[in-house]
Amino acid sequence: MSAATPAAQGYAMPPEWAPHQATWLSWPHNPDTWPGHLQAAERALVMAVEALAGGETVHINVRDEGHERHVAGLLGGRSDPARVRLRRVPTNG
């Protein structure tokens, strides 16, 4: 017995321009994953969140309370706080 493919089950990967309710990001934090580039990755994500939050909700996964404070500080005042939601969902990033 073979499992049906995701497409056969009705799933699809929509293109990035398709209408959607929000964007989800995981904020980088692991210097081993981003050797020598963690600060640059954070700067790029700050700009991305600023652009995205102009027209949609942005959910951001953060590691823990301390990481949440760090990310909130980086984003502070750069976008509509009602459109940016920090979620404590740890990743290895």
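From a predicted model like this one, the values you see are computed outputs, not experimental measurements.
Under the 4.5 Å side-chain heavy-atom criterion for Ile, Leu, Val, Met, Phe, Trp and Tyr, L74 and L52 are members of the same hydrophobic cluster. Two different hydrophobic clusters hold V71 and W34 under the rule that ILVMFWY side chains link at heavy-atom gaps under 4.5 Å.
One finds the OG1 atom of T91 at 3.5 Å from the NE2 atom of H29 (value rounded to the nearest 0.5 Å). Rounding to the nearest 0.5 Å gives a distance of 10.0 Å between OG1 of T23 and CD of E16. Note that CZ of R88 is 5.0 Å distant from CD of E65, once rounded to the nearest 0.5 Å. Between atom CH2 of residue W27 and atom CG of residue L86 there is a gap of 8.5 Å, rounded to the nearest 0.5 Å. We find the CZ-CG distance between R87 and N61 to be 9.0 Å, quoted to the nearest 0.5 Å.
Here the shortest heavy-atom pairing between A22 and E56 reads C-OE2, 3.5 Å. Across H20 and A18, no two heavy atoms sit closer than the pair ND1-O, 2.9 Å.
Qualifying side-chain hydrogen bond (donor to acceptor under 3.5 Å, both in side chains) partners for H37, counting only residues two or more places apart in sequence or in other chains: none.
By the 4.5 Å heavy-atom criterion applied to side chains, L75 and V46 are counted as neighbours. You'll find the side chain of V84 reaches within 4.5 Å of the side chain of V49, heavy atoms only.
Using modelled atom types and a 3.5 Å distance limit, the side chains of H70 and E42 yield a donor-acceptor pair.
Judged by distance alone, the side chain of E68 and the main-chain N or O of V62 form no donor-acceptor pair under 3.5 Å.
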Tell me, with the steps shown, if Q21 and T57 meet side-chain hydrogen bond (donor to acceptor under 3.5 Å, both in side chains).
CA-CA 7 Å; Q21 293 179 350; T57 300; over 6 Å; no
Before giving the answer on side chain to side chain contact (heavy atoms under 4.5 Å, CB included), spell out for I60 and L45 the whole-Å C-alpha distance, their side-chain angles and the decisive distance to 0.1 Å.
CA-CA 10 Å; I60 302 171; L45 276 180; over 6 Å; no
